[in-house]
Structure formats: C-alpha cells, structure tokens
Amino acid sequence: MTTAHARHELDVQPTPLALLLLGREADPKSERGVECPGDLPSPSDPDLVERARAAKERLGDKVFVLGHHYQRDEVIQFADVTGDSFKLARDAAAKPEAEYIVFCGVHFMAESADILTGDDQKVVLPDLAAGCSMADMATAEQVAECWDVLTEAGIADQVVPVSYMNSSADIKAFTGKHGGTICTSSNAERALNWAFEQGEKVLFLPDQHLGRNTAVRDMGMSLDDCVLYNPHKPNGGLTVEELRNAKMILWRGHCSVHGRFSLDSVNDVRERIPGVNVLVHPECRHEVVAAADYVGSTEYIINTLEAAPAGSKWAIGTELNLVRRLANRYADQGKEIVFLDKTVCFCSTMNRIDLPHLVWTLESLADGKLVNQIQVDAETESFAKLALERMLALP
C-alpha cells in the first residue's frame with residue numbers, strides 16, 4: 001500500500017498546528033510567529049558587539065531596549081533594563097519619550113508592552129519567531145469553546161477567568177471581557193483571592209501548574225478542588241458534575257522548560273550535593289514544588305540568591321541562561337549554584353533573540369526602517385488593558 005493510499009484509508013489530515021510546526025504554514029496570531037524578513041548579519045561576524053553598540057548610540061534616547069532574564073548574555077549586555085515580562089512592560093510604559101521599544105523576550109511580552117505603551121511608541125521584537133509554547137497552548141477559539149462548555153453546564157456565571165501574564169493578547173482580552181484579571185507568578189495568590197470574592201470558581205489560563213500550586217500550596221485547597229480542562233477533548237474531558245464540583249478549572253497548559261523538572265531531579269540533586277537548597281519556579285509540577293525548599297517567581301529566585309550566605313549550595317529549577325548568569329555572578333562569594341536537572345535546557349524560543357537579530361533590528365531602526373513591529377488591534381487592546389488594570393488594582 002502506498003503512503004498516499006494508507007493516508008486516504010486512515011483519513012488522516014494534517015492539522016493547521018502540524019503544518020505550522022513543519023514550516024508549511026504561517027499563523028500571524030500564533031506565538032510561534034513567522035521568520036524575520038531581511039538579511040541578518042553572520043553570527044560569526046567578530047564585529048557584532050561593536051555594530052550593536054554603534055547602532056544603539058546612533059539611536060540615542062529614541063530607543064529603549066528591554067531584556068528578559070532568560071535572554072542570552074550576548075543580548076542582555078545591551079538591555080537598558082532587565083526583568084520579568086510584566087516589570088519590563090511597565091518599564092516601557094514609564095518611558096514615553098522612547099520612540100522605539102525593542103523587546104528582547106518573546107511575542108506575548110511584546111504584545112503586553114504595546115498594550116501598556118503610548119500609541120506613538122512602536123514595539124519591536126527582534127525575531128518574530130520568538131514565541132511561547134505555553135501561550136500557544138490556549139487559543140482564542142479554544143477558550144471561547146471552553147466558555148460555551150461552562151455555559152452549557154450552567155456555571156459560567158459563577159466562573160471568573162484568571163489568566164497568567166504568559167498568554168496572548170487575545171486571551172488577556174477574553175479575560176477582561178469576562179470580568180477577570182491577569183496575574184504574574186508573584187501575585188497569583190492575590191489574584192485568586194480577588195477572583196473568589198467575585199465568583200465561586202476560577203478558570204485559570206494557560207498554566208495548570210501555577211494555578212494548582214497557588215491554590216493548593218498557598219491557599220490551602222485540595223487537589224480534589226482542581227480539575228484539568230483539556231481543550232483537545234470533548235467538553236474538556238470533564239463531566240458536568242466534575243465542572244460543577246470544582247473550584248479551580250485548570251487549563252491544560254505548561255511551560256516547556258519548567259515542566260521538564262521532575263521529582264527524580266530533586267532527589268538526584270540532594271544525593272549529589274549534600275546540604276543543597278532546592279529553589280524552583282511555581283511553573284514547575286506540583287510534586288516538584290512540594291519537594292522543594294523554596295518556591296517563587298524569577299525575581300524571588302534572584303533576590304533569594306543575592307541574600308544567600310556565602311558558601312551555600314543551591315539547585316535552581318528555572319531557565320538555564322538565568323541560572324548560569326547567577327552562578328557566575330556569585331561564584332566569587334563561594335555560592336554553589338547549579339541547574340536542577342542534569343540535562344541542560346534553554347528556552348528555545350527565548351534563545352531565538354540572538355546578537356545577529358538584535359544588530360539587524362538596531363541598525364534597521366537607526367537607518368529609519370521600522371521592522372518587526374508588534375501591534376495589538378484596538379478592540380483586543382481595550383479588553384486586555386482592562387484585565388491588566390484589574391491586576392494593577394489588586395490589594
């Protein structure tokens with residue numbers, strides 16, 4: 001039987017997502033984005049650092065470069081400010097005199113910056129293919145279908161959506177439109193407390209682990225209070241009774257980096273490094289968070305290691321670029337800082353922003369050519385901003 005005949009017999013059709021991953025389709029709304037136009041400098045060009053410096057100098061105050069903590073060192077060195085996604089978006093909003101905001105991060109972060117900055121400011125992402133696998137796990141169509149399921153179950157009016165910052169502008173807009181709020185890994189508990197004052201249940205998007213860890217570890221709920229909504233199954237793979245009994249309806253999404261850490265990783269590092277402190281991000285699996293000594297956001301991780309005593313030992317469950325940077329920063333204080341998993345893992349989409357892309361971006365802007373602008377349409381921006389403003393107003 002030929003391959004074509006077998007495919008016909010099985011009635012297998014490639015999905016839009018499969019075609020996207022194979023590079024045979026492009027989806028401008030996907031966090032995976034599309035390839036950059038234009039010619040990039042060679043990554044082996046020894047003058048890249050000087051070219052970036054010169055272009056940034058030519059632009060002067062017209063450009064403001066934001067660098068997420070997970071970016072490569074070669075890129076971070078040109079950032080005017082560093083931070084997590086929401087801090088950087090706020091930093092951009094506080095810089096109205098900058099004509100260009102160059103966001104060295106991923107697509108949803110640049111969208112958030114565009115939402116919070118002025119209409120005359122232009123947000124630029126050096127590589128349009130720098131997306132986020134977690135954000136891609138919840139599309140606007142899937143979430144609208146989920147809301148229909150909740151409506152048919154008779155509980156939609158009891159549900160308040162809470163969406164993680166690591167989501168697309170479309171999901172943030174859905175959240176704002178349905179009376180919900182955005183959260184970060186730092187204020188997720190405050191956001192959930194607020195949500196439960198507004199309704200009886202929460203639909204938490206798109207990271208199941210942050211939602212579960214916050215509800216169970218920080219707020220004292222049980223695992224039985226949580227159900228997992230799978231957008232790839234009819235009715236999310238849940239019965240009406242399960243939906244009605246749940247307090248937390250968790251979306252089946254996760255971070256491809258933080259989701260790789262396992263309980264075995266924790267046990268192994270404790271055996272290898274006696275006296276080690278295990279410090280992980282709340283995007284990690286529940287069993288990993290439960291076994292860790294410390295749990296917190298990226299900023300919490302940075303501050304904890306800064307305050308740690310000399311000679312202390314730490315295994316960190318977060319993105320490798322940051323872990324390596326912190327290990328180098330505190331090596332002279334005798335702080336031993338290692339990656340929690342023995343297998344090295346970078347965030348592949350964060351790493352798409354490299355020095356050649358940054359140089360191409362800065363030189364293009366310096367020559368008066370606007371490239372890779374990220375623009376959120378007015379209606380989406382309006383509702384997304386409403387959700388973000390609710391977060392900013394959290395007690």
Side-chain angles (χ1 to χ4, degrees), residues 16-17 20 27-33 84-86 88-89 103 105-116 123 125 130-151 156 159-185 187-188 191-192 194-195 198-199 201-212 214 228-232 236 248-256 258-259 283 349 374-392 394:
L17 176 60
L20 184 67
D27 179 2
K29 286 198 168 187
S30 171
E31 283 291 319
R32 291 181 183 84
D84 61 16
S85 59
F86 185 60
L88 292 175
F103 209 126
V106 294
H107 195 272
F108 78 80
M109 300 178 185
E111 284 184 329
S112 297
D114 185 56
I115 290 166
L116 293 174
V123 177
L125 185 66
C132 172
S133 59
M134 180 202 294
D136 266 339
M137 292 178 192
T139 68
E141 293 77 13
Q142 288 173 333
V143 176
E145 184 178 331
C146 172
W147 199 255
D148 289 341
V149 170
L150 301 182
T151 301
V159 177
V160 178
V162 175
S163 292
Y164 191 22
M165 192 73 184
N166 298 30
S167 58
S168 69
D170 286 338
I171 301 306
K172 290 183 176 73
F174 168 90
T175 305
K177 196 171 188 177
H178 290 83
T181 186
I182 307 303
C183 76
T184 68
S185 52
N187 67 11
L192 287 180
W194 174 87
Q198 319 305 313
K201 305 171 185 296
V202 164
L203 170 64
F204 195 90
L205 300 152
D207 180 25
Q208 59 170 305
H209 300 307
L210 178 61
R212 183 182 296 107
T214 305
L228 190 63
Y229 184 95
N230 185 342
H232 304 292
M248 291 286 293
I249 302 167
L250 305 170
W251 192 266
R252 188 177 179 269
H254 64 275
C255 170
S256 56
H258 292 112
E283 289 176 21
T349 48
I374 302 298
Q375 288 181 292
V376 178
D377 68 85
E379 183 180 2
T380 301
E381 178 176 314
S382 174
F383 284 113
K385 196 167 188 176
L386 181 60
L388 287 165
E389 287 170 346
R390 288 192 187 116
M391 180 180 76
L392 291 172
L394 288 173

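What you are looking at is a predicted structure, and each value in this text was computed from that prediction instead of being measured.
Once rounded to the nearest 0.5 Å, the distance linking SG of C146 with CG of L203 reads 5.0 Å. To the nearest 0.5 Å, atoms CD1 (I182) and OG (S167) are separated by 5.0 Å. Rounding to the nearest 0.5 Å places NE2 of H107 at 12.0 Å from OG1 of T349. Summarising the geometry, atom NE2 belonging to H209 is positioned 12.5 Å from atom OG1 belonging to T214; distances are rounded to the nearest 0.5 Å. Rounding to the nearest 0.5 Å gives a distance of 8.5 Å between CZ of R390 and CD of Q198.
Counting heavy atoms from C-beta outward, S112 and K172 have side chains that approach closer than 4.5 Å. A 4.5 Å side-chain heavy-atom check between P161 and F174 finds at least one atom pair inside the cut-off. Under the 4.5 Å side-chain criterion, counting only non-hydrogen atoms from C-beta, R212 is in contact with L228. A heavy-atom distance below 4.5 Å is not found between the side chains of F383 and T175. Contact of the V159 side chain with the H178 side chain is not registered, since no non-hydrogen atoms from C-beta on lie closer than 4.5 Å. Using a 4.5 Å cut-off on side-chain heavy atoms (C-beta onward), Y164 and P206 make contact.
The aromatic rings of Y229 and W251 lie parallel to each other, their planes meeting at an angle below 30°, with 60° marking the opposite boundary.
D170 and A140 make their closest contact through CB-CB, 3.9 Å (heavy atoms, listed as atom of the first residue, atom of the second, distance). In this structure, T380 and A173 approach most closely via the heavy-atom pair O-CB, 3.5 Å.
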Could you walk me through whether D114 and F103 pass side-chain contact (heavy atoms from CB on, under 4.5 Å), step by step? CA-CA 10 Å; D114 185 56; F103 209 126; over 6 Å; no
Between V149 and W147, does the side-chain contact (heavy atoms from CB on, under 4.5 Å) criterion hold? Intermediate values first, please. CA-CA 5 Å; V149 170; W147 199 255; over 6 Å; no
Starting from the C-alpha separation in whole Å, work towards a yes-or-no answer on side-chain contact (heavy atoms from CB on, under 4.5 Å) for H232 and Q142. CA-CA 9 Å; H232 304 292; Q142 288 173 333; 3.6 Å; yes
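A donor atom on one side chain and an acceptor atom on the other are found under 3.5 Å apart for T184 and N187.
Residues satisfying the side-chain contact (heavy atoms from CB on, under 4.5 Å) test with A191, not counting sequence neighbours, are V162, T181, C183, L394.
A side-chain contact (heavy atoms from CB on, under 4.5 Å) with M134 is found for one member of H258, E283, H254 and no other, namely E283.
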